[in-house]
Amino acid sequence: MSTNKDKLVIFDTTLRDGEQSPGASMTKDEKIRIARMLERMRVDVIEAGFAIASQGDFEAVQAVAETIKDSRVCSLARAVGPDIIRAGEALKKANASRIHTFIATSPIHMQYKLQMQPEQVLEQAVAAVKHARQFTDDVEFSLEDGSRSEPEFMYRIIEAVIAAGAGTINIPDTVGYGEPAEYGAMFRRVIENVPNSDKAIFSTHCHNDLGLAVANSLSAVMNGVRQVECTINGLGERAGNASLEEIVMAVRTRQDVYPVETRIDASHIVPTSRLVSSITGFPVQPNKAIVGANAFAHESGIHQDGVLKHRETYEIMSAEDVGWGQNRLVLGKHSGRAAVKARYEELGVSFEDPAEFQLVFQRFKDLADKKHEIFDEDLQSILTGAEAPVEHYQLASLDVRSRSGSRPQAQLRLVIEGAEVSAEADGSGPVDATFKAIESVVNSKADLKLYSVNAVTQGTDSQGSVTVRLERDGRLVNGVGADTDILVASAQAYLDALNLLASGQRKHQGV
């Protein structure tokens, strides 16, 4: 790495802001798995959650803080005492910690949401930073809705919180309203007009409502920002956040333009992307930059000819550099427990409970009987399935009949709290018939909001990964299922979602 460039701090908020995507919530164990991959990728700061939000969030932040050693672990906290105390408690055992406290500073937020005067907001911000410093020497302060805040007030509050002990100042584009030139210039003016701006690192946190999150973040970097807050796959509220993989690879690929460098090990980008997609049930679109299935595919004959002659004619970065084609140790039906367990450990997954590994290994053997080669993506899918909630509903058997010119019919047997029941229904398609058969006995009164199918790996024997999103009484859950039979996977995903609704667990539930 060159010595004449500034370090760009990569602050990953997949476990906090990414989790706020409707239906994308994660369990404690899932957060630990992702955090380990982020640590392996050498992410500088991992925002593990919002400790005050719930007991589950507190325990997840605490568990990540106790597990991660090489990245700084952060918890979000509003600029109020109970939030800050809770964050401090959750981070107590962290090797390196940060409290990220915030308050809204735009006129519209102060007037209508906070119902506070600017002077009250400034006073509360300063008090919050001082309070947070009692728990950690690393405090970040965010001006919520900063891109719509009045400049003079921003200068005053930033100067005051830096003096109070904030080492990082984040001016987020909370509602995705920013425009790259305008947003970057805002940072330049802030740095020039705040007398003690040299005592803090400035940060950007952009939302993608207008598709400008990455462009706004990079514009901010060109204007003095030295921390970017981002997420894997651009996950996040509404249209999402700035994508970590796009930020990192833009800076790495255009070293002739950007005056910064990161410490990220890009070879872990694709495996981490797939892990996050598997856990959240949010598939990655094929044409997504860096991590999409088509990101390094060439259909045009002209392009193919150019790449064969000299890769750089149509590829500005190497697929291998971001993890495509790596970590592809193939397992099969003859692989033993030691090999499977060792591969999981390489993927950041350990099993303290022998019974838990036995369940995972049995699912591995069942899958190995159906397909010749088991890839890392299959292992992640197996693990997600093994972490299912308490199963009120289980699939015993499924028989679907569909032929041209006739209406598809589904016959199935379910085990509902130990008792077996049969059901059948027809539908406009085989999946529709399957879901209607389930509902004929369950009567969940839930609305189907999303049905998505993706191949876990390549090949006609690939597992199909199905995501089913259900809503009931304002609560969203994502059920996931995987099988080499798409219809079985669909039934499993639907039942997984119903189990989540029945159990009240937060897995995949929106905050």
**Message:** Between Thr136 and Ile99 (side chain of the first, backbone of the second, donor and acceptor by atom type, cut-off under 3.5 Å), is there such a pair?
**Reply:** no
**Item:** salt_bridge(Glu89, Arg86) N-O dist < 4.0 Å
**Value:** yes
**Prompt:** Considering residues at least two apart in sequence or located in another chain, which fulfil the ring-ring contact (aromatic ring centres under 6.0 Å, His included) criterion with Tyr177?
**Reply:** none
**Asked** Taking the side chain from Glu179 and the backbone from Ala181, do they hold a donor-acceptor pair closer than 3.5 Å?
**Response** yes
**Gln255 (side chain) donor-acceptor with Val251 (main chain) under 3.5 angstrom** = yes
**Asked** Does the ring center of Phe351 lie less than 6.0 Å from the ring center of Tyr344?
**Response** yes
**Request:** Check the surroundings of atom NZ in Lys288: do more than 12 heavy atoms from other residues, nucleotides or ligands lie under 6.0 Å from it?
**Result:** yes
**Prompt:** Is there a donor-acceptor pair under 3.5 Å between the side chain of Thr101 and the backbone N or O of Ala77?
**Reply:** yes
**Asked** Between Asn196 and Ala163, what is the shortest heavy-atom contact and its length?
**Response** ND2-N, 3.6 Å
**Message:** Salt bridge check, Asp265 against Arg42: does any charged N sit closer than 4.0 Å to a carboxylate O?
**Reply:** no
**Asked** Do Lys31 side-chain atoms and Ala48 backbone N/O form a donor-acceptor pair below 3.5 Å?
**Response** yes
**Message:** Assess, by modelled atom type and distance only, whether the side chains of Thr174 and His207 contain a donor and an acceptor separated by less than 3.5 Å.
**Reply:** no
**Item:** Minimal non-hydrogen separation, Ile162 against Ala200, with atom names
**Value:** CD1-CB, 3.8 Å
**Prompt:** Is there a donor in the side chain of Asp12 and an acceptor in the side chain of Thr14, or the other way round, less than 3.5 Å apart?
**Reply:** yes
**Prompt:** Hey, does the side chain of Asn233 reach the backbone of Leu235 with a donor-acceptor pair shorter than 3.5 angstrom?
**Reply:** no
**Prompt:** Which pair of non-hydrogen atoms, one from Met222 and one from Pro259, has the smallest distance, and what is that distance?
**Reply:** SD-CD, 3.7 Å
**Request:** For the pair Asp6 (side chain) and Val260 (backbone), establish whether a donor and an acceptor sit closer than 3.5 Å, ignoring hydrogens and angles.
**Result:** no
**Message:** Run the side-chain contact (heavy atoms from CB on, under 4.5 Å) test on Asp447 and Leu470 for me, step by step, so that the C-alpha distance in whole Å, both residues' side-chain angles and the decisive distance to 0.1 Å come before the verdict.
**Reply:** CA-CA 5 Å; Asp447 293 325; Leu470 298 181; over 6 Å; no
**Request:** Mind running side-chain contact (heavy atoms from CB on, under 4.5 Å) on Ile247 and Leu218 for me, showing each step along the way?
**Result:** CA-CA 7 Å; Ile247 295 291; Leu218 293 173; 4.1 Å; yes
**Request:** For Arg78, enumerate each residue passing the side chain to side chain donor-acceptor pair (under 3.5 Å) test, keeping only those at least two apart in sequence or located in another chain.
**Result:** Asp83
**Item:** Derivation and outcome, side-chain contact (heavy atoms from CB on, under 4.5 Å), residues Glu192 and Arg188
**Value:** CA-CA 6 Å; Glu192 291 174 349; Arg188 177 61 59 192; 3.3 Å; yes
**Asked** Pick from Arg226, Arg72, Arg263: which one makes a salt bridge (charged side-chain N to carboxylate O under 4.0 Å, His left out) with Asp44?
**Response** Arg263
**Asked** Which residue pairs satisfy the salt bridge (charged side-chain N to carboxylate O under 4.0 Å, His left out) criterion with at least one member in residues 155-178, sequence neighbours excluded?
**Response** Glu119-Arg156
